[in-house]
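Remember, it's a predicted structure, so these values are computed and weren't measured experimentally. The sequence lines fix the lettering, A, B, ..., with proteins before strands; numbering per chain opens at 1.
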Amino acid sequence: MLTYTLRRIITSIPTLLFIALAIFLLLELAPGDPMAQVPLTVPPEVKEKMRLALGLGEPGYIRFWKWLVQFFWVEPLNLIDWAFSTNFADGKLRVISWQTRSPVMDIVVQRMPQTLWVVGMSYIVGILIAIPIGIYSAYRQYSVFDQVGTFVTMVGYSIPPFFSGVLVIVIFSIHLGWFPSIYDTTHQVNDWDSFVIQLKQMIMPVMVLALQTTAQISRFMRASMLDNLNQDYVRTARAKGLGEKIVVLSHVLRNSLIPVVTVIALGVPAIFGGAIITEQVFKVNGIGQLLITAIQANDLPMVQTLTFIFAILIVSFNLIADLLYGILDPRIRYD
Amino acid sequence: MTEQAPSSLADTEDEFDHSPRSQWRDVWDQFKSHKGALFGGGFFILIIIGVLIGPLVWSIEATFIDIRARNQGMSLAHPFGTDQLGRDMLARMIAGGRVSLAVGFAAMLLALLLGTLIGVLAGFYKRLDGILMRLTDLFLSLPLLPLLLVMVMLFRQPLSNVFGPETGIFILIVLAIGLTSWMPTARIVRGDVLALKEREFILAARSIGTSNKGLMRRHIIPNVMSPIMVSATLGIANAIITESALSFLGLGFPPDFPTWGRILFDATDYLQQYPSRVLWPGLAISLTVLGVNYLGDGLRDALDPRIRGR
């Protein structure tokens, strides 16, 4: 298991490097001009100097190498400095955003809490709703509950978040006026009333994202439960006189959760991607909104870094899912 | 399943007709029993017919601006109302549906072609298997939505200059979606080809001297058609949603060129005053995708010989 883990971590490094190169080349080949926003009255030689100041004077491979060094060496050093108040990273150049001229990572750290709150909360809520639905639909297969549940998950699967988000805004914030339609990130929680306001503004984005999660995970849960319910060990458990509750909730559930847990781990990066749209609908200024504004402003270092962070998330959660499978299921041996 | 109790009128007529039943007849019989799939498929065909013959029946141009009749509700002259420039919403929905469905079909075909090619090659030739599957894994670990956004943003101008604004962006979006969604098909097809390759009929075909090309064309590909068809339906749904998402983020087609996602995006600006305008494009996207998903569900059941006939 340990050698397998080490091998997977080592093989994921070239994958990540290749992805970084692919993103870099895509941005490099693209004909967008970072000077396009500069007024026409600025003379060309000044523009040329501004281009050099952005680090665009060097050939591509040097800039790629510089970015790699900044991302993998200077940024972790800065993190260590920040955590232990040392000064390893003094005088070293960080990844600088072209829009704000400040380090990209600082902006990411500022935006992260909003995304994590909304996305993380919605994922947890989605899972908590999905698992009981999946268990009960499988236990009473083809019952009314199962039919309705399957239909609702199919609907949840098919409605894109940019429509369900807008729909809940129309219903709950325009017609009923229960919740605000815009997520206020400057809001501070310090007493009960402000907590209620925070709760109110979180409900809609969380539920919209949770609908997607619920739809996917409850389908997996149902299929996995159905696979296990017909197994011989379930008949054995019933034959030796165990109650239905123990049979279903401790024998079957524990075995059917194994594939579901890996699906949950695999879904984490996808939910960050889905948050790009939901953040746009509810005007949450998280990571997704940062990416969209960076793309529109042609801020290449920001786009490169953010896309690469998404790639790291995907690769590491794939690894986590595989390892979890090996840990949870003793039948699977990687060595 | 013909030997078992005849279930419908068609089967009782068959009792005296001992000609062998075709596989597709069995598939159709199984498909018919899935009510959701029938409804879904029927609705999808209805939408396709609607957007194809719609412009013949409803003769208002989608881009015709009648500024005096702007922001109207539902009426006989404009069944879906009009937008902020007085353009007829029904005409825009029909025109938008044409584009959205065309993008869906074209991107799905591209993804299927790529996926099938890579899957068959990886499954058939052991030499290519390792490298092609590494490539698939690599593509699966790419952050797709951010990359799609970047691709569309960066390449829209040059392609518009070459092919004109509409065709250029159509090509760009189809290419972008097709190139980022072939991986599941490739994996499924590879798995099936690996299993098929060991079967006796392949050995028999090889022993009478069939070339590799002939083997693939005559024996392998027809036998992996069913997973390909299922992923085709899922591919259409995925492509329609992705195109609408891109349009919704303002990175899709230009504003005067309606697609369902674009109409929805434009309507969100007037959400406070005219909330009903969001409903039509949103419903069109969701119901089409729902129909296609149910169709795929039914097809999966119908094409699986283990489920069929039970």
Side-chain angles (χ1 to χ4, degrees), chain A residues 11-12 14-16 18-19 22-23 26-27 29-32 147 150-151 154-155 157-167 169-171 173-175 181 269-270 272-274 276-277 280-281 288 291-292 294-296 298 300 303-304 306-318, chain B residues 36 40 134-135 137-159 161 237 240-242 244-251 260-261 264-265 267-268 271-279 281-294 297:
Chain A
T11 50
S12 67
T15 313
L16 279 174
F18 197 86
I19 292 174
I23 299 169
L26 184 68
L27 295 176
L29 288 173
Q147 306 274 5
T150 312
F151 180 72
M154 205 64 159
V155 171
Y157 210 65
S158 306
I159 297 186
F162 51 85
F163 179 49
S164 52
V166 170
L167 201 65
I169 288 182
V170 168
I171 296 172
S173 101
I174 295 176
H175 280 301
S181 72
F272 272 92
I276 295 177
I277 293 165
Q280 205 67 12
V281 174
L291 179 71
I292 301 271
I295 288 175
Q296 278 165 351
N298 231 327
L300 299 189
V303 175
Q304 162 102 25
L306 276 177
T307 321
F308 190 63
I309 290 177
F310 278 109
I312 293 180
L313 277 176
I314 296 176
V315 171
S316 46
F317 275 98
N318 279 353
Chain B
R134 275 288 89 79
L135 184 74
D137 286 347
L138 197 77
F139 261 82
L140 278 172
S141 19
L142 288 175
L144 293 181
L145 189 61
L147 274 188
L148 270 176
L149 295 174
V150 172
M151 273 159 87
V152 173
M153 187 66 195
L154 296 175
F155 291 99
R156 62 185 306 156
Q157 206 51 51
L159 275 173
N161 293 344
I240 290 177
I241 288 208
T242 313
S244 316
L246 287 177
S247 293
F248 182 80
L249 293 172
L251 290 169
W260 285 341
L264 182 63
F265 176 59
T268 46
L271 196 60
Q272 303 270 357
Q273 300 97 327
Y274 310 104
S276 64
R277 208 185 284 161
V278 191
L279 213 62
L283 272 183
I285 297 169
S286 309
L287 287 179
T288 307
V289 172
L290 185 68
V292 175
N293 276 343
Y294 261 114
D297 231 31

Apply side chain to side chain contact (heavy atoms under 4.5 Å, CB included) to residues B:Leu145 and A:Ile277 and explain how you reach the verdict. CA-CA 10 Å; B:Leu145 189 61; A:Ile277 293 165; 4.2 Å; yes
Engaged part of A:Phe151 at the chain B interface, taking heavy atoms whose separation is under 4.5 Å: both
With a 4.5 angstrom heavy-atom cut-off, could you sort out which part of A:Val303 is near chain B: side chain, backbone, both or neither? side chain
Could you give the distance from CG (B:Leu140) to OG1 (A:Thr15), rounded to the nearest 0.5 Å? 12.0 Å
4.5 Å side-chain heavy-atom contact, A:Ile159 and B:Val289: no
To the nearest 0.5 angstrom, please state how far the CG atom of B:Leu287 sits from the OG atom of A:Ser158. 9.0 Å
Euclidean distance, B:Phe155 CZ relative to A:Leu26 CG, rounded to 0.5 Å: 5.0 Å
Can you say whether A:Ile169 sits under 4.5 Å from chain B via the side chain, the backbone, both, or neither, judging by heavy atoms? side chain
Residue part contacting chain B, namely of A:Leu291, when any heavy atom lies under 4.5 Å: side chain
Can you find a pair of side-chain heavy atoms, one from A:Leu306 and one from B:Pro146, that are under 4.5 Å apart? no
Nearest 0.5 Å please: distance from the CG atom of B:Leu138 over to the CZ atom of A:Phe18. 6.0 Å
Side chains of B:Ser286 and A:Pro160 in contact at under 4.5 Å (non-hydrogen atoms): yes
Heavy-atom distance under 4.5 Å to chain A: side chain of B:Ala237, backbone, both or neither? neither
Please state whether the side chain, the backbone, both or neither of A:Phe162 comes within less than 4.5 Å of a heavy atom of chain B. both
Who pairs with A:Ile292 by side chain to side chain contact (heavy atoms under 4.5 Å, CB included), at least two apart in sequence or on another chain? A:Ile276, A:Gln280, A:Gln296, B:Leu149, B:Leu249
Interchain contact, B:Ser244 with chain A, by part (heavy-atom threshold 4.5 Å): both
Side chain, backbone, both or neither: which part of B:Asp297 has an atom under 4.5 Å from a heavy atom of chain A? side chain
At a 4.5 Å cut-off on heavy atoms, which part of B:Phe265 comes close to chain A: side chain, backbone, both, or neither? neither
To the nearest 0.5 Å, what is the distance between OG1 (A:Thr307) and CG (B:Leu142)? 10.5 Å
Euclidean distance, A:Leu313 CG relative to B:Ser141 OG, rounded to 0.5 Å: 12.5 Å
Begin from the C-alpha positions of A:Tyr157 and B:Leu290 and carry the test side chain to side chain contact (heavy atoms under 4.5 Å, CB included) through to its verdict. CA-CA 8 Å; A:Tyr157 210 65; B:Leu290 185 68; over 6 Å; no
Quick check on side chain to side chain contact (heavy atoms under 4.5 Å, CB included): which of B:Val278, B:Leu279, B:Leu283 does A:Leu167 satisfy it with? B:Leu279
